[in-house]
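As the structure is a computational prediction, the values presented were derived from the model and not from experiment. The chains referred to below are lettered A, B, ... by the order of the sequence lines, with proteins before strands, and numbering in each begins at 1.
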Number of protein chains: 2
Amino acid sequence: MDESQLSDRQRQVLEAIRRLKQENDMPPTLREIAEAVGLKSVASAKYQIDQLKNMGWLDQIDNVSRGISFSDQGSRHQQEQEAAAESNVHIGKFVRVPLVGRIAAGGPILAEQNIDEWMTLPESLVGKGDIFLLKVKGDSMIDAAICEDDMVAVRIQKTAENGDIVAALLDDSATVKTFKQRDGHTWLLPRNSNYEPILGDEAQIMGKVVAVLRSL
Amino acid sequence: MDESQLSDRQRQVLEAIRRLKQENDMPPTLREIAEAVGLKSVASAKYQIDQLKNMGWLDQIDNVSRGISFSDQGSRHQQEQEAAAESNVHIGKFVRVPLVGRIAAGGPILAEQNIDEWMTLPESLVGKGDIFLLKVKGDSMIDAAICEDDMVAVRIQKTAENGDIVAALLDDSATVKTFKQRDGHTWLLPRNSNYEPILGDEAQIMGKVVAVLRSL
DNA sequence: TAAATAAGCGAACAGATGTTCGAAACAGAT
DNA sequence: ATCTGTTTCGAACATCTGTTCGCTTATTTA
């Protein structure tokens, strides 16, 4: 899904849709699009729309007037463009981060088959760096106010400092714990009195937890 | 331009237009409005629209599908009534939400002078609706895994159900508590054994907490 | 060069949408 | 009860809108 795959005409159509939608506060009709980009036939406009639909840039509700909308991928592009263009209001940058599902030991943390979905988050929330999202299993960090099913944003780094909350790979599964080094050993401390500290010498540190997200 | 001039049906129509427009990202058709408010004839819907048009609440482009929009006056009223409902700019699958700082009792919850900054969040995180962000003060909700300085996303609504975590206006300051109605009284329950339940009969419910964000 | 593909055009069609009209139901005032 | 204004309904109509089809033109490929 690269913008370079778009022809001039297709770029023109996308930009026209964005502009007309903003001007009129509703998506344009095929004929409005045709006129905006200089096409003399409605069918030509529909042809372009169908192309962009197949490429995943647009969604359209069939047989519904003005039923054109940007798809997830398309709107993300639009969003980033608008955010960059709208300089009078401070919006900041965005980071597109993968939500990692299955964890495979040994292999690279991030692999395409492990990624469930993508989410775009403001950089003010997760900071800079290589970030991925992990869904929390269990309640071992409840005293650190991290619950089951929370999503944690993890900045990839191989080590950590005492007290950092980290995501670590242990026995083929990812876990979130407090990092502590003492007496030459690495400990992964749960924050729940029902659990015992784990000796983490063999654990692989995936990164540091930099944000917590919870949907209720 | 007083709301008291509006009949129940007219209020119903305005609310339906606002809701449908937000849900579908485009203004509704007359038939969609008719169905939404329980009118069985398109002509009835048009009759109501014409009334509201003559009263200055709505604008409409003739013979254009989905050509209904709020007039300046209508939008302004909408803003006052819904506590800046129109302030949230929906861009694709993202929602631009204001971070509310100071809270003034009595006045509208959201006012420009109260907004510190804006943040754009994915709709998958906060859901649909009119959302604002609030920074949590104190540790009274620590057992609900909500810490001091966390940001909570609040969906504006005037009431709540038992067990919901809500943001409420109490004594000129905003507070986050668990909502509970019992014996004809409204209680705002902290989730920290060091605090006592608060009788919330006089409190104004700002909305329901739908997400928690924490930067570490 | 010839075939294949992409892009555009015009026309016709079906469905969606806004508009208009007359009649009926309803509530309040006389 | 009668009148009057408001609101709703159903139907018909005109326009707008999306869809489909055949055809042409330009570009690319064999």
| field | Strand contacts (DNA chain C) in residues 38-46 of chain B, 4.0 angstrom heavy-atom criterion | value | B:Ala43, B:Lys46
| said: Tell me if a side-chain donor or acceptor on B:Asp150 pairs with a main-chain N or O of B:Arg214 at a distance below 3.5 Å. | reply: no
| query | At under 4.0 Å, does any side-chain N or O of B:Gln48 touch on OP1 or OP2 of D:dT6? | reply | no
| query | To the side chain of B:Leu30, which of D:dT8, C:dG18, D:dT19 is closest? | reply | C:dG18
| said: Donor-acceptor pair, distance only, cut-off 3.5 Å: does the side chain of B:Asn192 make one with the backbone of B:Asp139? | reply: yes
| In whole angstroms, how far is the P atom of D:dT15 from the CZ atom of A:Arg31? | 14 Å
| Test item: B:Ile156 and B:Ile131 side chains (from C-beta on) under 4.5 Å apart, heavy atoms | no
| Nearest listed nucleotide, side chain of A:Arg9, among C:dT19, D:dT7, C:dG8 | C:dG8
| remark: CG (B:Leu189) and NZ (B:Lys177) are apart, to the nearest 0.5 Å, by 9.5 Å
| message | Keeping A:Asp50 on the side-chain end and A:Tyr47 on the backbone end, is there a donor-acceptor pair under 3.5 Å? | response | no
| query | Whom does D:dT8 pair with, Watson-Crick or G-U wobble, provided both distances fall under 3.5 Å? | reply | C:dA23
| Closer than 4.0 Å, any side-chain N/O of B:Tyr47 to the OP1 or OP2 of D:dT8? | no
| field | Separation of C:dT5 P from A:Gln51 CD (nearest whole Å) | value | 14 Å
| query | Does A:Arg66 use its side chain to pair, donor to acceptor, with the backbone of A:Pro27 at less than 3.5 Å? | reply | yes
| request: Output yes when at least one side-chain N/O atom of B:Ser65 is less than 4.0 Å from OP1 or OP2 of D:dC16, else no. | output: no
| message | Is the phosphate of D:dT7 approached by B:Gln10 (side-chain N or O, under 4.0 Å from OP1 or OP2)? | response | no
| note | From CD of A:Glu35 across to P of C:dC9 the rounded distance in Å is 13 Å
| query | For the residue pair A:Ala45 and A:Leu30, what are the closest heavy atoms and their distance? | reply | CB-O, 3.5 Å
| Base, sugar-phosphate, or nothing for B:Arg66, non-hydrogen atoms under 4.0 angstrom? | sugar-phosphate
| Spacing between B:Asp50 atom CG and D:dT6 atom P, to the nearest angstrom | 14 Å
| What is the distance, rounded to the nearest whole Å, between atom CD1 of B:Ile68 and atom P of C:dT19? | 9 Å
